[in-house]
There are 2 protein chains.
Amino acid sequence: MNAIVPPLSGMACDACAIRNRAICADLRADELDILNRLGRRRRLRGGEQLLWEGEEAVLVANVVDGVLKLSTQTGDGKEQILGLAYHSDFLGRPFGETTPYGVEALTDATVCVFQQRDFDQFARTHPRLEHKLLERTLAELDRTRRWMLLLGRMNAEQKLAHFLLELADSLDQTCSKTQDAHVAFNLPLSRQQIADVLGLTIETVSRQLTRMRKEGLIDLPARRKVTILQHRALEDRAGMAVQNG
Amino acid sequence: MNAIVPPLSGMACDACAIRNRAICADLRADELDILNRLGRRRRLRGGEQLLWEGEEAVLVANVVDGVLKLSTQTGDGKEQILGLAYHSDFLGRPFGETTPYGVEALTDATVCVFQQRDFDQFARTHPRLEHKLLERTLAELDRTRRWMLLLGRMNAEQKLAHFLLELADSLDQTCSKTQDAHVAFNLPLSRQQIADVLGLTIETVSRQLTRMRKEGLIDLPARRKVTILQHRALEDRAGMAVQNG
DNA sequence: CGTGGCGTTGAACTACGTCAATGCATGTGG
DNA sequence: CCACATGCATTGACGTAGTTCAACGCCACG
(Lines give C-alpha, C1' and ligand atoms only; values in the text may rest on other atoms or scores of the structure.)
Protein backbone atom coordinates (compact mmCIF):
# COMPACT_ATOMS: atom_id res chain seq x y z
CA MET A 1 0.00 0.00 0.00
CA ASN A 2 2.73 2.44 0.91
CA ALA A 3 6.34 2.96 -0.09
CA ILE A 4 6.17 2.62 -3.83
CA VAL A 5 7.48 6.11 -4.23
CA PRO A 6 11.25 5.95 -3.72
CA PRO A 7 11.78 7.53 -0.36
CA LEU A 8 14.75 9.58 0.80
CA SER A 9 16.91 8.85 -2.20
CA GLY A 10 16.51 5.15 -1.80
CA MET A 11 17.01 5.13 1.97
CA ALA A 12 13.90 4.35 3.96
CA CYS A 13 13.37 5.80 7.42
CA ASP A 14 12.82 2.28 8.76
CA ALA A 15 16.45 1.51 8.13
CA CYS A 16 17.69 4.88 9.35
CA ALA A 17 20.45 4.80 11.92
CA ILE A 18 18.67 7.33 14.09
CA ARG A 19 15.17 5.96 13.57
CA ASN A 20 14.61 5.56 17.29
CA ARG A 21 16.58 8.52 18.58
CA ALA A 22 15.58 11.46 16.39
CA ILE A 23 12.29 13.31 16.41
CA CYS A 24 10.85 10.70 14.07
CA ALA A 25 10.88 8.16 16.89
CA ASP A 26 7.35 7.31 18.05
CA LEU A 27 5.84 7.93 14.62
CA ARG A 28 3.57 5.25 13.20
CA ALA A 29 4.61 3.52 10.01
CA ASP A 30 2.14 5.46 7.88
CA GLU A 31 3.24 8.79 9.32
CA LEU A 32 6.84 7.86 8.81
CA ASP A 33 6.06 7.04 5.23
CA ILE A 34 4.78 10.55 4.61
CA LEU A 35 7.80 12.09 6.29
CA ASN A 36 9.89 9.75 4.21
CA ARG A 37 8.70 11.40 1.04
CA LEU A 38 9.11 14.91 2.36
CA GLY A 39 12.72 14.56 3.31
CA ARG A 40 15.82 13.55 1.50
CA ARG A 41 19.26 12.45 2.54
CA ARG A 42 22.17 14.66 1.89
CA ARG A 43 25.85 13.93 2.30
CA LEU A 44 28.08 16.79 3.34
CA ARG A 45 31.83 16.96 3.08
CA GLY A 46 33.77 18.37 5.99
CA GLY A 47 33.78 22.15 5.64
CA GLU A 48 30.56 22.27 3.63
CA GLN A 49 27.92 24.75 4.77
CA LEU A 50 24.32 23.64 5.20
CA LEU A 51 22.64 26.77 6.53
CA TRP A 52 23.67 30.41 6.52
CA GLU A 53 23.01 32.74 9.43
CA GLY A 54 20.32 35.28 8.63
CA GLU A 55 19.12 33.66 5.43
CA GLU A 56 15.48 32.85 4.93
CA ALA A 57 14.64 29.69 6.84
CA VAL A 58 13.97 27.24 4.03
CA LEU A 59 15.52 24.07 5.38
CA VAL A 60 15.42 22.05 8.54
CA ALA A 61 17.32 18.83 9.07
CA ASN A 62 18.18 15.90 11.27
CA VAL A 63 21.76 14.87 11.74
CA VAL A 64 22.24 11.22 10.84
CA ASP A 65 25.97 11.09 11.42
CA GLY A 66 28.98 13.36 11.58
CA VAL A 67 29.61 16.50 13.58
CA LEU A 68 28.42 19.95 12.63
CA LYS A 69 28.85 23.35 14.20
CA LEU A 70 26.27 26.05 14.78
CA SER A 71 27.79 29.50 14.74
CA THR A 72 27.17 33.19 14.64
CA GLN A 73 29.31 36.23 14.12
CA THR A 74 29.99 39.48 15.93
CA GLY A 75 29.87 42.82 14.19
CA ASP A 76 33.62 42.75 13.70
CA GLY A 77 33.78 39.28 12.25
CA LYS A 78 34.82 37.24 15.26
CA GLU A 79 33.03 33.92 15.28
CA GLN A 80 31.24 32.36 18.19
CA ILE A 81 30.28 28.73 17.85
CA LEU A 82 26.91 28.26 19.54
CA GLY A 83 27.12 24.55 19.79
CA LEU A 84 27.92 21.31 18.08
CA ALA A 85 25.38 18.96 16.57
CA TYR A 86 25.81 15.20 16.64
CA HIS A 87 23.78 12.28 15.35
CA SER A 88 20.02 12.63 15.88
CA ASP A 89 20.25 16.35 16.69
CA PHE A 90 17.86 18.67 14.97
CA LEU A 91 18.99 21.64 12.89
CA GLY A 92 17.27 24.74 11.60
CA ARG A 93 14.44 26.93 12.70
CA PRO A 94 10.92 25.60 12.23
CA PHE A 95 8.10 28.15 12.41
CA GLY A 96 10.49 31.04 11.93
CA GLU A 97 11.44 33.56 9.31
CA THR A 98 15.20 33.42 9.32
CA THR A 99 17.83 30.91 10.30
CA PRO A 100 19.39 32.26 13.47
CA TYR A 101 22.77 30.57 13.04
CA GLY A 102 25.04 29.16 10.40
CA VAL A 103 25.56 25.41 10.17
CA GLU A 104 28.73 23.89 8.77
CA ALA A 105 29.85 20.28 8.68
CA LEU A 106 33.09 19.75 10.58
CA THR A 107 33.47 16.15 9.52
CA ASP A 108 31.89 14.42 6.59
CA ALA A 109 28.27 14.13 7.60
CA THR A 110 24.89 12.82 6.60
CA VAL A 111 21.75 14.79 7.23
CA CYS A 112 18.10 14.24 6.50
CA VAL A 113 16.79 17.54 5.16
CA PHE A 114 13.26 18.89 4.78
CA GLN A 115 11.78 21.97 3.23
CA GLN A 116 10.88 24.02 6.26
CA ARG A 117 7.43 24.71 4.80
CA ASP A 118 6.66 21.03 4.34
CA PHE A 119 8.08 20.12 7.70
CA ASP A 120 6.13 22.82 9.52
CA GLN A 121 2.92 21.70 7.97
CA PHE A 122 3.56 18.06 8.75
CA ALA A 123 4.46 18.93 12.32
CA ARG A 124 1.33 21.01 12.85
CA THR A 125 -0.83 18.14 11.77
CA HIS A 126 1.07 15.47 13.69
CA PRO A 127 1.13 16.28 17.37
CA ARG A 128 3.36 13.35 18.22
CA LEU A 129 6.09 14.70 16.02
CA GLU A 130 5.58 18.16 17.37
CA HIS A 131 5.81 16.79 20.87
CA LYS A 132 9.11 15.11 20.07
CA LEU A 133 10.39 18.32 18.62
CA LEU A 134 9.32 20.17 21.73
CA GLU A 135 11.11 17.74 24.00
CA ARG A 136 14.21 17.99 21.90
CA THR A 137 14.08 21.78 21.87
CA LEU A 138 13.65 21.91 25.63
CA ALA A 139 16.64 19.60 26.07
CA GLU A 140 18.65 21.72 23.68
CA LEU A 141 17.76 24.81 25.66
CA ASP A 142 19.04 23.14 28.80
CA ARG A 143 22.25 22.18 27.07
CA THR A 144 22.70 25.68 25.71
CA ARG A 145 22.21 27.20 29.14
CA ARG A 146 24.88 24.93 30.57
CA TRP A 147 27.23 26.27 27.91
CA MET A 148 26.41 29.80 29.08
CA LEU A 149 27.80 28.90 32.45
CA LEU A 150 30.93 27.66 30.74
CA LEU A 151 31.34 30.81 28.68
CA GLY A 152 30.51 33.22 31.44
CA ARG A 153 32.20 31.79 34.46
CA MET A 154 34.92 29.34 33.60
CA ASN A 155 38.61 29.86 32.98
CA ALA A 156 40.50 28.44 30.06
CA GLU A 157 41.49 25.22 31.80
CA GLN A 158 37.95 24.46 32.88
CA LYS A 159 36.62 25.22 29.43
CA LEU A 160 39.04 22.85 27.77
CA ALA A 161 38.43 20.10 30.30
CA HIS A 162 34.67 20.42 29.83
CA PHE A 163 35.03 20.48 26.11
CA LEU A 164 37.10 17.31 25.95
CA LEU A 165 34.81 15.47 28.31
CA GLU A 166 31.67 16.43 26.46
CA LEU A 167 33.20 15.58 23.13
CA ALA A 168 34.33 12.19 24.36
CA ASP A 169 30.85 11.58 25.65
CA SER A 170 29.06 12.66 22.47
CA LEU A 171 31.40 10.64 20.34
CA ASP A 172 31.39 7.50 22.44
CA GLN A 173 29.89 5.55 19.59
CA THR A 174 32.98 6.30 17.55
CA CYS A 175 35.75 6.28 20.06
CA SER A 176 37.59 3.32 21.41
CA LYS A 177 37.74 2.67 25.10
CA THR A 178 40.93 0.93 26.04
CA GLN A 179 41.63 -0.51 29.46
CA ASP A 180 42.21 1.83 32.37
CA ALA A 181 39.33 3.95 31.10
CA HIS A 182 41.53 5.59 28.50
CA VAL A 183 39.39 7.11 25.78
CA ALA A 184 40.84 7.93 22.38
CA PHE A 185 39.02 9.85 19.69
CA ASN A 186 39.50 12.00 16.65
CA LEU A 187 39.08 15.71 17.10
CA PRO A 188 36.50 16.94 14.60
CA LEU A 189 37.66 20.54 15.12
CA SER A 190 40.78 22.52 14.40
CA ARG A 191 42.40 24.51 17.20
CA GLN A 192 40.80 27.64 15.80
CA GLN A 193 37.37 26.04 15.90
CA ILE A 194 37.89 24.83 19.45
CA ALA A 195 38.81 28.40 20.33
CA ASP A 196 35.61 29.64 18.70
CA VAL A 197 33.54 27.12 20.63
CA LEU A 198 35.04 28.10 23.95
CA GLY A 199 35.38 31.82 23.45
CA LEU A 200 39.18 31.67 23.59
CA THR A 201 42.07 32.23 21.21
CA ILE A 202 43.93 29.55 19.35
CA GLU A 203 47.08 30.19 21.38
CA THR A 204 45.32 29.73 24.70
CA VAL A 205 43.78 26.48 23.48
CA SER A 206 47.14 25.23 22.37
CA ARG A 207 48.87 26.19 25.62
CA GLN A 208 46.20 24.57 27.76
CA LEU A 209 46.31 21.36 25.76
CA THR A 210 50.08 21.04 25.94
CA ARG A 211 49.92 21.80 29.64
CA MET A 212 47.38 19.02 30.15
CA ARG A 213 49.60 16.74 28.12
CA LYS A 214 52.67 17.57 30.17
CA GLU A 215 50.68 16.93 33.32
CA GLY A 216 49.69 13.52 32.03
CA LEU A 217 45.95 14.14 31.89
CA ILE A 218 45.71 13.60 28.16
CA ASP A 219 47.81 12.54 25.24
CA LEU A 220 47.93 14.18 21.82
CA PRO A 221 49.23 11.48 19.50
CA ALA A 222 48.43 13.58 16.41
CA ARG A 223 47.01 16.98 15.61
CA ARG A 224 43.50 15.69 15.33
CA LYS A 225 43.69 12.95 17.95
CA VAL A 226 43.16 13.05 21.68
CA THR A 227 43.42 10.39 24.34
CA ILE A 228 42.01 10.99 27.77
CA LEU A 229 44.37 9.36 30.22
CA GLN A 230 42.97 10.48 33.55
CA HIS A 231 39.27 10.90 33.25
CA ARG A 232 38.65 11.70 36.90
CA ALA A 233 41.44 14.22 37.11
CA LEU A 234 40.05 15.92 34.01
CA GLU A 235 36.64 16.08 35.64
CA ASP A 236 38.23 17.77 38.62
CA ARG A 237 39.77 20.38 36.36
CA ALA A 238 36.43 20.93 34.70
CA GLY A 239 34.62 21.31 37.99
CA MET A 240 36.76 23.83 39.75
CA ALA A 241 40.49 23.68 39.59
CA VAL A 242 42.08 25.79 42.26
CA GLN A 243 45.64 26.16 41.18
CA ASN A 244 47.19 27.67 44.22
CA GLY A 245 50.86 27.70 45.17
CA MET B 1 -21.83 26.67 31.25
CA ASN B 2 -18.26 27.29 32.31
CA ALA B 3 -16.54 29.22 35.09
CA ILE B 4 -18.61 28.38 38.11
CA VAL B 5 -15.58 26.90 39.81
CA PRO B 6 -13.52 29.81 41.11
CA PRO B 7 -10.62 29.94 38.71
CA LEU B 8 -7.08 31.05 39.46
CA SER B 9 -7.84 32.39 42.89
CA GLY B 10 -10.63 34.57 41.63
CA MET B 11 -8.77 35.83 38.58
CA ALA B 12 -10.05 34.48 35.28
CA CYS B 13 -7.75 33.96 32.33
CA ASP B 14 -10.05 36.10 30.20
CA ALA B 15 -9.06 39.11 32.21
CA CYS B 16 -5.40 38.14 32.40
CA ALA B 17 -2.92 40.80 31.40
CA ILE B 18 -1.02 38.35 29.23
CA ARG B 19 -4.04 36.54 27.83
CA ASN B 20 -2.97 37.24 24.27
CA ARG B 21 0.77 37.07 24.66
CA ALA B 22 1.49 33.96 26.70
CA ILE B 23 1.21 30.37 25.59
CA CYS B 24 -2.48 30.48 26.43
CA ALA B 25 -3.11 32.74 23.46
CA ASP B 26 -5.03 30.92 20.70
CA LEU B 27 -6.82 28.66 23.13
CA ARG B 28 -10.57 28.40 22.78
CA ALA B 29 -12.78 29.55 25.64
CA ASP B 30 -13.51 26.01 26.80
CA GLU B 31 -9.84 25.01 26.74
CA LEU B 32 -8.94 28.13 28.60
CA ASP B 33 -11.52 27.27 31.18
CA ILE B 34 -9.85 23.95 31.89
CA LEU B 35 -6.43 25.57 32.11
CA ASN B 36 -8.02 28.14 34.35
CA ARG B 37 -8.80 25.50 36.93
CA LEU B 38 -5.41 23.84 36.72
CA GLY B 39 -3.43 26.95 37.42
CA ARG B 40 -3.38 29.43 40.20
CA ARG B 41 -1.98 32.88 40.61
CA ARG B 42 0.84 33.44 42.94
CA ARG B 43 2.35 36.70 44.07
CA LEU B 44 6.04 36.77 44.77
CA ARG B 45 7.96 39.36 46.71
CA GLY B 46 11.29 40.56 45.36
CA GLY B 47 13.93 38.06 46.44
CA GLU B 48 11.49 35.19 46.78
CA GLN B 49 12.51 31.91 45.15
CA LEU B 50 10.04 30.08 42.91
CA LEU B 51 12.12 27.15 41.67
CA TRP B 52 15.35 25.60 42.88
CA GLU B 53 18.00 24.28 40.57
CA GLY B 54 18.16 20.51 40.57
CA GLU B 55 14.96 19.95 42.48
CA GLU B 56 12.28 17.69 41.14
CA ALA B 57 10.36 19.51 38.43
CA VAL B 58 6.97 19.92 40.05
CA LEU B 59 5.98 23.39 38.90
CA VAL B 60 5.82 25.31 35.68
CA ALA B 61 4.62 28.88 35.39
CA ASN B 62 3.86 31.87 33.25
CA VAL B 63 5.11 35.28 34.24
CA VAL B 64 2.26 37.74 34.47
CA ASP B 65 4.31 40.70 35.61
CA GLY B 66 7.57 41.51 37.31
CA VAL B 67 11.10 40.43 36.51
CA LEU B 68 12.64 37.11 37.53
CA LYS B 69 16.07 35.64 37.08
CA LEU B 70 17.03 32.15 35.96
CA SER B 71 20.34 31.09 37.40
CA THR B 72 22.74 28.26 37.99
CA GLN B 73 25.86 27.82 40.02
CA THR B 74 29.42 26.67 39.44
CA GLY B 75 31.07 24.11 41.64
CA ASP B 76 32.72 26.83 43.71
CA GLY B 77 29.57 28.81 44.28
CA LYS B 78 29.91 31.53 41.67
CA GLU B 79 26.54 32.31 40.17
CA GLN B 80 25.73 32.64 36.50
CA ILE B 81 22.39 34.15 35.63
CA LEU B 82 21.10 32.32 32.58
CA GLY B 83 18.53 34.89 31.66
CA LEU B 84 15.78 37.16 32.83
CA ALA B 85 12.09 36.42 32.52
CA TYR B 86 9.55 39.14 31.86
CA HIS B 87 5.78 39.21 31.48
CA SER B 88 4.40 36.34 29.39
CA ASP B 89 7.63 34.35 29.57
CA PHE B 90 7.38 30.71 30.49
CA LEU B 91 9.24 29.17 33.42
CA GLY B 92 10.09 25.65 34.41
CA ARG B 93 10.76 22.40 32.69
CA PRO B 94 7.77 20.57 31.24
CA PHE B 95 8.31 16.91 30.34
CA GLY B 96 11.45 16.71 32.42
CA GLU B 97 12.66 15.22 35.67
CA THR B 98 14.49 18.08 37.30
CA THR B 99 14.37 21.83 37.11
CA PRO B 100 17.58 22.84 35.33
CA TYR B 101 17.85 26.30 36.86
CA GLY B 102 16.80 28.28 39.87
CA VAL B 103 14.16 30.99 39.51
CA GLU B 104 14.03 33.97 41.83
CA ALA B 105 11.87 37.06 41.66
CA LEU B 106 13.96 40.21 41.36
CA THR B 107 11.02 42.54 41.69
CA ASP B 108 7.64 41.83 43.17
CA ALA B 109 6.05 39.59 40.60
CA THR B 110 2.92 37.71 39.66
CA VAL B 111 3.07 34.29 38.12
CA CYS B 112 0.50 31.78 37.00
CA VAL B 113 1.68 28.42 38.27
CA PHE B 114 0.71 24.88 37.32
CA GLN B 115 1.58 21.48 38.66
CA GLN B 116 3.97 20.20 36.05
CA ARG B 117 2.08 16.89 35.92
CA ASP B 118 -1.26 18.60 35.21
CA PHE B 119 0.29 20.95 32.72
CA ASP B 120 2.09 18.22 30.84
CA GLN B 121 -1.06 16.21 30.51
CA PHE B 122 -3.08 19.19 29.35
CA ALA B 123 -0.39 20.08 26.83
CA ARG B 124 -0.20 16.58 25.42
CA THR B 125 -3.90 16.58 24.77
CA HIS B 126 -4.05 20.11 23.39
CA PRO B 127 -1.78 20.46 20.39
CA ARG B 128 -2.47 24.18 20.02
CA LEU B 129 -1.06 24.82 23.46
CA GLU B 130 1.85 22.55 22.79
CA HIS B 131 2.51 24.36 19.56
CA LYS B 132 2.57 27.69 21.36
CA LEU B 133 4.96 26.27 23.88
CA LEU B 134 7.17 24.98 21.10
CA GLU B 135 7.27 28.36 19.39
CA ARG B 136 8.10 30.02 22.66
CA THR B 137 10.82 27.51 23.43
CA LEU B 138 12.37 27.94 20.00
CA ALA B 139 12.35 31.70 20.44
CA GLU B 140 13.89 31.32 23.88
CA LEU B 141 16.60 29.14 22.42
CA ASP B 142 17.39 31.84 19.87
CA ARG B 143 17.53 34.45 22.61
CA THR B 144 19.77 32.26 24.74
CA ARG B 145 22.16 31.69 21.85
CA ARG B 146 22.45 35.41 21.30
CA TRP B 147 23.48 35.71 24.94
CA MET B 148 26.18 33.14 24.31
CA LEU B 149 27.70 35.48 21.78
CA LEU B 150 27.60 38.21 24.38
CA LEU B 151 29.24 36.06 27.04
CA GLY B 152 31.83 34.53 24.78
CA ARG B 153 32.95 37.37 22.61
CA MET B 154 32.09 40.76 24.04
CA ASN B 155 34.07 43.03 26.33
CA ALA B 156 32.68 44.64 29.45
CA GLU B 157 31.54 47.83 27.73
CA GLN B 158 29.64 45.94 25.06
CA LYS B 159 28.06 43.67 27.62
CA LEU B 160 26.81 46.57 29.69
CA ALA B 161 25.51 48.46 26.67
CA HIS B 162 23.66 45.37 25.45
CA PHE B 163 22.27 44.74 28.87
CA LEU B 164 20.89 48.23 29.30
CA LEU B 165 19.36 48.28 25.84
CA GLU B 166 17.70 44.91 26.25
CA LEU B 167 16.42 45.81 29.66
CA ALA B 168 14.99 49.10 28.42
CA ASP B 169 13.34 47.22 25.61
CA SER B 170 11.86 44.49 27.77
CA LEU B 171 10.61 46.98 30.28
CA ASP B 172 9.17 49.45 27.81
CA GLN B 173 5.73 48.92 29.25
CA THR B 174 6.95 50.21 32.56
CA CYS B 175 9.44 52.86 31.62
CA SER B 176 8.73 56.43 30.71
CA LYS B 177 9.92 57.80 27.42
CA THR B 178 10.64 61.48 27.70
CA GLN B 179 11.37 63.67 24.72
CA ASP B 180 14.68 63.28 22.93
CA ALA B 181 14.24 59.52 23.19
CA HIS B 182 15.46 59.52 26.77
CA VAL B 183 14.33 56.36 28.47
CA ALA B 184 14.20 56.10 32.24
CA PHE B 185 13.59 52.90 34.14
CA ASN B 186 14.12 51.18 37.43
CA LEU B 187 16.87 48.61 37.58
CA PRO B 188 15.40 45.34 38.84
CA LEU B 189 18.90 44.06 39.64
CA SER B 190 21.64 44.91 42.08
CA ARG B 191 25.16 45.50 40.78
CA GLN B 192 26.07 42.01 41.87
CA GLN B 193 23.19 40.54 39.91
CA ILE B 194 24.10 42.52 36.82
CA ALA B 195 27.61 41.14 37.18
CA ASP B 196 26.19 37.62 37.40
CA VAL B 197 24.12 38.15 34.28
CA LEU B 198 27.06 39.40 32.26
CA GLY B 199 29.78 37.18 33.61
CA LEU B 200 31.66 40.10 35.17
CA THR B 201 32.52 41.30 38.64
CA ILE B 202 30.63 43.93 40.57
CA GLU B 203 33.58 46.33 40.34
CA THR B 204 33.78 46.12 36.57
CA VAL B 205 30.05 46.75 36.30
CA SER B 206 30.34 49.76 38.55
CA ARG B 207 33.31 51.20 36.68
CA GLN B 208 31.69 50.76 33.29
CA LEU B 209 28.47 52.39 34.45
CA THR B 210 30.20 55.42 35.92
CA ARG B 211 32.29 55.70 32.78
CA MET B 212 29.16 55.73 30.64
CA ARG B 213 27.68 58.32 32.95
CA LYS B 214 30.75 60.53 32.72
CA GLU B 215 30.62 60.22 28.95
CA GLY B 216 27.01 61.35 28.94
CA LEU B 217 25.54 58.16 27.50
CA ILE B 218 23.40 57.44 30.52
CA ASP B 219 22.41 58.95 33.82
CA LEU B 220 22.24 57.19 37.16
CA PRO B 221 19.87 59.31 39.25
CA ALA B 222 19.70 56.66 41.98
CA ARG B 223 21.18 53.28 42.72
CA ARG B 224 18.32 51.46 41.14
CA LYS B 225 17.50 53.95 38.38
CA VAL B 226 18.92 54.39 34.92
CA THR B 227 18.19 56.90 32.19
CA ILE B 228 19.41 56.28 28.70
CA LEU B 229 20.43 59.66 27.30
CA GLN B 230 22.00 58.72 23.98
CA HIS B 231 20.33 55.63 22.67
CA ARG B 232 22.17 55.53 19.36
CA ALA B 233 25.56 56.02 20.93
CA LEU B 234 24.80 53.20 23.33
CA GLU B 235 23.90 50.96 20.42
CA ASP B 236 27.26 51.77 18.87
CA ARG B 237 29.01 50.70 22.04
CA ALA B 238 26.99 47.50 22.10
CA GLY B 239 27.71 46.68 18.49
CA MET B 240 31.43 47.02 18.29
CA ALA B 241 33.13 49.82 20.13
CA VAL B 242 36.67 50.37 18.97
CA GLN B 243 38.15 52.52 21.63
CA ASN B 244 41.27 53.76 19.96
CA GLY B 245 43.35 56.75 20.95
C1' DC C 1 23.64 58.95 65.66
C1' DG C 2 25.50 54.64 64.92
C1' DT C 3 25.24 50.35 62.07
C1' DG C 4 24.98 47.51 58.07
C1' DG C 5 24.24 46.98 53.13
C1' DC C 6 25.45 48.38 48.64
C1' DG C 7 28.12 50.88 45.67
C1' DT C 8 32.27 53.34 44.20
C1' DT C 9 37.06 54.09 43.71
C1' DG C 10 42.03 53.02 43.83
C1' DA C 11 46.20 50.03 43.43
C1' DA C 12 48.29 45.83 42.25
C1' DC C 13 47.98 41.42 40.05
C1' DT C 14 47.09 37.96 36.53
C1' DA C 15 44.94 35.27 33.04
C1' DC C 16 44.30 35.73 28.67
C1' DG C 17 44.99 38.16 24.29
C1' DT C 18 48.15 39.95 20.82
C1' DC C 19 52.04 39.86 17.98
C1' DA C 20 55.71 37.44 16.10
C1' DA C 21 58.94 33.69 15.43
C1' DT C 22 59.49 28.85 14.93
C1' DG C 23 58.15 23.91 14.36
C1' DC C 24 56.20 20.22 11.90
C1' DA C 25 53.59 17.80 8.87
C1' DT C 26 51.78 17.13 4.03
C1' DG C 27 52.01 17.95 -0.74
C1' DT C 28 54.39 19.34 -5.19
C1' DG C 29 57.64 19.71 -8.50
C1' DG C 30 62.37 18.93 -9.89
C1' DC D 1 64.49 11.22 -2.83
C1' DC D 2 65.26 15.93 -1.79
C1' DA D 3 63.98 21.08 -1.89
C1' DC D 4 60.70 24.02 -0.53
C1' DA D 5 56.13 25.90 -0.18
C1' DT D 6 51.81 25.92 2.44
C1' DG D 7 48.91 25.54 6.36
C1' DC D 8 48.13 24.48 10.99
C1' DA D 9 50.11 24.17 15.58
C1' DT D 10 53.33 25.44 19.17
C1' DT D 11 56.05 28.46 21.87
C1' DG D 12 57.79 32.86 23.60
C1' DA D 13 57.63 37.84 24.90
C1' DC D 14 54.82 41.42 26.04
C1' DG D 15 50.50 44.22 26.75
C1' DT D 16 46.07 44.88 28.86
C1' DA D 17 41.27 44.19 30.23
C1' DG D 18 39.29 42.64 33.92
C1' DT D 19 39.87 40.56 38.56
C1' DT D 20 41.19 40.83 43.29
C1' DC D 21 41.90 43.03 47.52
C1' DA D 22 41.09 46.80 50.29
C1' DA D 23 39.51 51.34 51.69
C1' DC D 24 35.97 54.50 51.67
C1' DG D 25 31.35 56.82 50.70
C1' DC D 26 26.51 56.94 50.74
C1' DC D 27 22.06 56.11 52.25
C1' DA D 28 18.35 53.70 54.79
C1' DC D 29 16.85 52.18 59.08
C1' DG D 30 16.60 51.32 63.93
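Everything numeric here is computed off the predicted structure, so don't read it as measured data. Lettering of chains follows the sequences in order, A, B, ..., and the numbering in each one begins at 1.
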Send over the distance from [X] [atom1] to [N] [atom2], rounded to a whole Å.
X        : N      : atom1 : atom2 : answer
B/Leu160 : D/dA17 : CG    : C1'   : 14 Å
B/Leu189 : C/dC6  : CG    : P     : 14 Å
A/Arg153 : C/dA15 : CZ    : P     : 17 Å
B/Ile202 : C/dT8  : CD1   : C1'   : 9 Å
A/Ile194 : D/dA9  : CD1   : P     : 8 Å
A/Arg224 : D/dG7  : CZ    : C1'   : 12 Å
A/Leu187 : D/dA9  : CG    : P     : 9 Å
B/Met154 : C/dG17 : CE    : P     : 16 Å

Between A/Glu215 and A/Arg211, is there a side-chain N and carboxylate O pair less than 4.0 Å apart? yes
If the threshold is 4.0 Å, N to carboxylate O, is there a salt bridge linking A/Glu235 and A/Arg232? yes
Identify which nucleotide among C/dC16, D/dA9, C/dG7 has an atom closest to any side-chain atom of A/Ser190, counting heavy atoms from C-beta outward. D/dA9
Do B/Phe90 and B/Phe114 make the cut of ring centroids closer than 6.0 angstrom? no
For D/dG18 and B/Thr201 - does any side-chain N or O of the residue sit under 4.0 Å from the phosphate oxygens OP1/OP2? no
Within less than 4.0 Å of OP1 or OP2 of D/dG18, is there a side-chain N or O belonging to B/Thr204? no
Return yes if some donor-acceptor pair links the side-chain N/O of A/Thr210 with the main-chain N/O of A/Arg207 below 3.5 Å, else return no. yes
What does the list of N/O pairs under 3.5 Å between the protein and nucleotides 22-24 of chain C look like, with a distance for each?
residue : atom : partner  : partner atom : Å
C/dG23  : N2   : A/Arg223 : NH2          : 2.9
C/dC24  : O2   : A/Arg223 : NH2          : 3.4

Quick one: label A/Thr210 by what it contacts on the DNA or RNA (base, sugar-phosphate, nothing), any heavy atom closer than 4.0 Å. sugar-phosphate
Applying a 4.0 Å non-hydrogen cut-off, can you work out what B/Leu200 is touching in the nucleic acid: base, sugar-phosphate, or nothing? sugar-phosphate
Quiz item: B/Arg207 side-chain donor-acceptor pair to D/dT20 base, under 3.5 Å: yes
Ignoring hydrogens and geometry beyond distance, is the side chain of B/Glu203 in donor-acceptor contact with the base of D/dC21 at under 3.5 Å? yes
Under 4.5 Å between any side-chain heavy atoms of A/Leu70 and A/Leu91, yes or no? yes
Around atom CD of A/Gln192, are there more than 12 heavy atoms from other residues, nucleotides or ligands closer than 6.0 Å? yes
Tell me, yes or no, whether the heavy-atom count around A/Glu56 atom CD, taken from other residues, nucleotides or ligands under 6.0 Å, exceeds 12. no
